[in-house]
Amino acid sequence: MKEHKFKTVLYQKSPDGKIAHITLNRPERFNAIDAHLPGDLRDAVKLANSDPSVHCIILNGSGPGFCGGYDLDIYAQSAVRGETHGSQDFFKGYDPLVDYASMKENTDCFSELFHSHKPTVAQVHGAAVAGGSDIALCCDLVIMATTARIGYPPSRVWGCPTTAMWAYRVGIEKAKRMLFTGDLISGEEAAAMGLVLKAVPEEELEETVMLLANRIASVPQNQLWMQKQVINSLVEGPLMQSQKLATIFDGITRNSPEGVAFQVLSKEKGFKAAIADRDAPGRTERYFKAWKSVL
């Protein structure tokens, strides 16, 4: 396989050149999203789209899982007063455009998978959590290991899924079930819900994805493009509006009283302690107490 160099992803092609393999490659950080990964992912998808030999793109993750979301050492545990990548310095007031400008760029990078001229297939093992679920659900098709997990826990505090793919994949009620709770579900449950195409034992995951990709790759590129354009056109207009609203709200969640307090607790006690506190009884009262302590 020929390999192209990126900072945070690996790009290779199958021996016949018909399948492009994009691998999220920060395994020591559970392939967490940093400043480079969104752009690398977008550029890798564009590279596959510009290659006349490629018919299909497979996206997976190296190491123990697909993607653990944003790298919270960068985005949650930084200093609070103006030194953080997560929340603004609220002493200066909140400017929604600051958050929107940066997060819209990431949303557009992830959405390159949805708009790709070549079909995209996500191969999910381990977990696709928070921003990792944003990436996976932008793919045309998702196949998970039965024991893998997917969900958006930041919907409880400190996040709104900016790619806004949940309702378009499972409908209004099931999307609400996921985002009202922030629960993680298994690949088996995700397949039963209709969120993903299929769930298989992890030892069968790669083979299952390759069988599907090879079947897709046997179809002419122009046929694949036309079928995708017809289907995508059903949701592209509403999806763009949903993504705009979700991206604005994502910034607000990180700068709300609860969002700032979550970041304060992350900085003082560590992210795992903040997560435990977030999900424990009496969370709201403790958050407001923590938030007021920095005023």
Side-chain angles (χ1 to χ4, degrees), residues 29-30 32-35 37-38 67-107 127-135 149-164 166 175-185 242-295:
R29 298 295 303 159
F30 207 78
I33 301 162
D34 67 358
L37 190 144
C67 178
Y70 280 85
D71 192 325
L72 292 164
D73 276 350
I74 299 171
Y75 294 99
Q77 297 189 64
S78 303
V80 175
R81 295 176 184 264
E83 301 173 12
T84 174
H85 297 279
S87 300
Q88 294 179 35
D89 182 352
F90 49 82
F91 288 93
K92 298 179 181 178
Y94 172 61
D95 185 347
L97 183 58
V98 171
D99 282 294
Y100 182 78
S102 61
M103 291 307 297
K104 177 64 162 57
E105 176 67 16
N106 288 359
T107 300
V129 177
S133 68
D134 279 338
I135 294 173
R149 297 171 297 151
I150 191 168
Y152 199 89
S155 66
R156 296 183 64 84
V157 170
W158 217 65
C160 180
T162 63
T163 60
W166 290 87
K176 288 177 179 178
R177 174 262 184 271
M178 293 300 298
L179 297 182
F180 286 172
T181 65
D183 287 344
L184 296 178
I185 59 174
S242 297
Q243 289 183 344
K244 181 185 294 183
L245 188 63
T247 303
I248 292 170
F249 281 176
D250 185 62
I252 293 174
T253 65
R254 286 180 279 104
N255 292 277
S256 68
E258 296 89 349
V260 171
F262 175 81
Q263 188 164 284
V264 171
L265 292 176
S266 296
K267 180 173 180 288
E268 292 178 349
K269 300 181 182 179
F271 182 67
K272 290 184 179 179
I275 288 293
D277 191 82
R278 178 195 70 185
D279 295 338
R283 170 187 57 81
T284 301
E285 292 77 7
R286 287 196 299 277
Y287 269 29
F288 273 101
K289 183 178 180 181
W291 180 64
K292 289 178 181 178
S293 72
V294 300
L295 290 177

Enter the distance from [X]:[atom1] to [Y]:[atom2] here, rounded to the nearest 0.5 Å.
{"X": "D279", "Y": "T181", "atom1": "CG", "atom2": "OG1", "result": "10.0 Å"}
{"X": "K104", "Y": "L97", "atom1": "NZ", "atom2": "CG", "result": "12.0 Å"}
{"X": "Y152", "Y": "C160", "atom1": "OH", "atom2": "SG", "result": "6.5 Å"}
{"X": "Y70", "Y": "L37", "atom1": "OH", "atom2": "CG", "result": "9.5 Å"}
{"X": "D134", "Y": "Q243", "atom1": "CG", "atom2": "CD", "result": "9.0 Å"}

Handout entry: By salt bridge (Lys or Arg N to Asp or Glu O under 4.0 Å) - contacts of R29 (at least two apart)
Key =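 Counting only residues at least two positions away or on another chain, R29 forms a salt bridge (Lys or Arg N to Asp or Glu O under 4.0 Å) with D71, D73.
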Problem - Results of salt bridge (Lys or Arg N to Asp or Glu O under 4.0 Å) for D250 - residues two or more places apart only - result: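 For D250, the residues satisfying salt bridge (Lys or Arg N to Asp or Glu O under 4.0 Å) (neighbours in sequence not counted) are R254.
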Exercise for the section: Decide yes or no for L265 and R278: does some side-chain heavy atom of the first lie under 4.5 Å from some side-chain heavy atom of the second? Expected result: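 Counting from C-beta outward, L265 and R278 never come under 4.5 Å.
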Problem - Any side-chain heavy-atom pair of R177 and D183 under 4.5 Å - result: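 Contact flag for R177/D183 side chains = yes.
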Problem - Over 12 foreign heavy atoms within 6.0 Å of CZ, F30 - result: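 Buried by this count: over 12 neighbours within 6.0 Å.
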Handout entry: A280 backbone acceptor or donor facing D277 side chain under 3.5 Å
Key =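 Such a contact is absent between D277 side chain and A280 backbone.
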Exercise for the section: Indicate yes or no for a side-chain donor-acceptor contact from T253 to the backbone of G159 under 3.5 Å, with no hydrogens or angles considered. Expected result: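 Yes.
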Problem - Distance-minimising heavy-atom pair for S133 and W166 - result: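 Shortest heavy-atom contact: OG-CZ2, 3.8 Å.
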Handout entry: Heavy-atom pair of closest approach, residues T162 and T247
Key =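 Taking every non-hydrogen atom into account, CB-OG1, 3.6 Å.
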